[in-house]
Every structure is written in C-alpha cells, then in structure tokens.
Amino acid sequence: ADRYRFFPDGEDGWWRRICSLAFDGCFVPEPARPDARQLREIFTRPSSWRVYPETRAVLAALSDGGYRLGVISNWDSRLRNLLAELDLDRFFEVVIFSAEAGCEKPDASIFREALRRAGTEAARSVHIGDRLKEDYAAARACGLGALLIDRGLEPEATGDDVVTDLADAMRRITGWR
C-alpha cells in the first residue's frame, strides 16, 4: 500500500501527520505552527525544488537518442503538475506515483505497473534512483537494471552501479561522453 491510504483524508491526512511529527520533534508549540495545508502548498511551487544542473540536458539527450523515459515516485497526486511546472513532463512517457498506484517503492507492483504502462520488459529497462532500498535494490529484485546516484543520502552506497549524477548515469547507459 502507499503511505497516503493509511490516513484519514488520504494525502491531506498524511501531510498533517508529517507536519505534526516534525513540529513535535522540534518542540514547536501549537500556536506557532503553520497550517499543514500551507506547507503542502509550498511543495507544489517550482521554486521549492532544485533541478540538478545536468537534468534537462541529459533527459533531452536520452529522449533524442530514442530512449523512452518514465518516472516512478513515492509521491502524491501533485506530481504531474509539478513536473509540468518544472518543464520536465515533456521528457516522460510514463509517470507513476504511489498515491495513484496504491503502492510505493520498494513494492514490486509499482515497478511492474510502470513496465506495463511503458509496454516494455524489465530486462530492457534501467531504473535510476538515489535510495538504496527503494530504488536500487527494489529495481534489481524486479529484474531491471539499476544505477544508484550517490547524492549523499546512502552512506553505504558503493560499487560499480553507483554513479555521481544523472550525466554519469547516462554515460554508463549509452556510452555517451
């Protein structure tokens, strides 16, 4: 299942709970806390996100090179709009997110659904992500090729399948320099 289905009011309930836990952990008193809806709205703004410098050029090169691209994300129903606002949606044929799929990475179901929507096989696909368990290990367990981008989130990330950024991943996949 995905995280949103466990909460009353789905995505809104999840956001209220996450905000509450964060403020509790920081000892922020109730009257000083911003509304969870306001915080959730902030995450819909393109200005709240950083697109890594190489991203658009790499996605364009892969797309122009005949690679079919998709997104598999543990995110909510705002993902498609956010990708459009960031001018990234044009690169992706398939966008699947946990709130819509009813399951989330590392569940194999979300990977299988992405492959089904793309009309391809696991053996002909590569998943690139920045989480060892949710991205790399889960994709490998489903038979996909996998690369792990080391952005400092996974201190134990080592090995031949670890890349430094999206451009490095593209070089590994295509031999492009």
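For reference, positions follow the sequence shown, starting with 1. Scope of the values below: all heavy atoms of this structure, side chains included, with no hydrogens, waters or symmetry mates. Just so we're clear, the structure is a prediction, and the values are computed from it rather than from any experiment.
Remark: side-chain polar atoms of S63 are not paired, donor with acceptor, to backbone N or O of L59 under 3.5 angstrom. Proximity of a side-chain donor or acceptor of W49 to a complementary backbone N or O of F43 within less than 3.5 Å is detected. A donor-acceptor pair is defined here as one N or O able to donate and one able to accept, closer than 3.5 Å; such a pair exists between the side chain of K105 and the backbone of I72. Formation of a donor-acceptor pair under 3.5 Å by the R80 side chain with backbone atoms of V95 is found in this model. In terms of modelled atom types and a separation under 3.5 Å, the side chain of S98 and the main chain of C103 share no donor-acceptor contact. Judged by distance alone, with hydrogens and angles left aside, the side-chain atoms of R172 form a donor-acceptor pair with the main-chain N or O of D160 at under 3.5 Å. At least one donor-acceptor pair closer than 3.5 Å links the side chain of S48 to the backbone N or O of I42. Between the S125 side chain and the E121 main chain, a donor and an acceptor come within less than 3.5 Å of each other. Of the possible donor and acceptor atoms, one in the side chain of E104 sits under 3.5 Å from a partner among the backbone N and O of R3.
Note: R17 CZ to D24 CG = 7.5 Å, rounded to the nearest 0.5 Å. Remark: E54 CD to D168 CG distance equals 9.5 Å, nearest 0.5 Å. Between the CG atom in D107 and the CD atom in E134 there is a gap of 12.0 Å [rounded to 0.5 Å]. Once rounded to the nearest 0.5 Å, the distance linking CZ of R68 with CZ of R124 reads 9.5 Å.
The shortest side-chain heavy-atom distance between L147 and I173 falls under the 4.5 Å cut-off. For the pair D161/L148, no side-chain contact is recorded, criterion being any heavy-atom separation below 4.5 Å from C-beta on.
M170 and F91 fall within a single hydrophobic cluster, where Ile, Leu, Val, Met, Phe, Trp and Tyr side chains are chained together by heavy-atom contacts under 4.5 Å. V71 is connected to V163 through a chain of hydrophobic side-chain contacts under 4.5 Å among Ile, Leu, Val, Met, Phe, Trp and Tyr, so both are in one cluster. Y67 and L115 fall into different hydrophobic clusters, where Ile, Leu, Val, Met, Phe, Trp and Tyr are joined by side-chain heavy atoms under 4.5 Å apart, directly or via other members. When the side chains of ILVMFWY residues are joined at heavy-atom separations under 4.5 Å, either directly or via intervening members, F7 and I18 end up in a single hydrophobic cluster. Connection of F111 to L69 is not established within any shared hydrophobic cluster, with ILVMFWY side chains joined at heavy-atom distances below 4.5 Å, either directly or through further cluster members.
Counting all heavy atoms, side chain and backbone alike, T174 lies closest to L62 at CG2-CD2, 3.7 Å. The two residues E41 and T44 make their nearest non-hydrogen contact at O-OG1, 2.5 Å. The shortest heavy-atom contact between S77 and R40 is OG-NH2, 4.3 Å. The two residues D135 and D130 come nearest to each other via the heavy atoms OD2-N, 3.1 Å. Of all heavy-atom pairs between S73 and L79, the closest is CB-CD2, 3.7 Å. Of all heavy-atom pairs spanning A139 and H127, the tightest one is CB-CB, 3.6 Å.
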- Message: Go through it in stages, so that I can follow the logic: the residues are D9 and R16, the test is side chain to side chain contact (heavy atoms under 4.5 Å, CB included), and I'd like the CA-CA distance, side-chain angles, deciding distance and then a yes or no.
- Response: CA-CA 10 Å; D9 301 326; R16 281 194 303 276; 2.7 Å; yes
- Message: For R117 and E113: C-alpha separation, side-chain torsions, deciding distance, then whether salt bridge (charged side-chain N to carboxylate O under 4.0 Å, His left out) applies.
- Response: CA-CA 6 Å; R117 290 183 189 183; E113 179 61 15; 2.9 Å; yes
- Task: Show your working on side chain to side chain contact (heavy atoms under 4.5 Å, CB included) between L83 and F97 and close with a plain yes or no.
- Result: CA-CA 12 Å; L83 289 171; F97 50 92; over 6 Å; no
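With a 6.0 Å radius and a threshold of 12 heavy atoms from other residues, nucleotides or ligands, R45 has its CZ atom above the threshold. Shown here is R37, whose CZ atom has no more than 12 heavy atoms of other residues, nucleotides or ligands within 6.0 Å. Heavy-atom neighbours of R33 CZ from other residues, nucleotides or ligands within 6.0 Å: above the threshold of 12.
Side-chain N/O atoms of D76 and W15 include a donor and acceptor closer than 3.5 Å. No side-chain donor from either of D165 and Y52 sits under 3.5 Å from a side-chain acceptor of the other.
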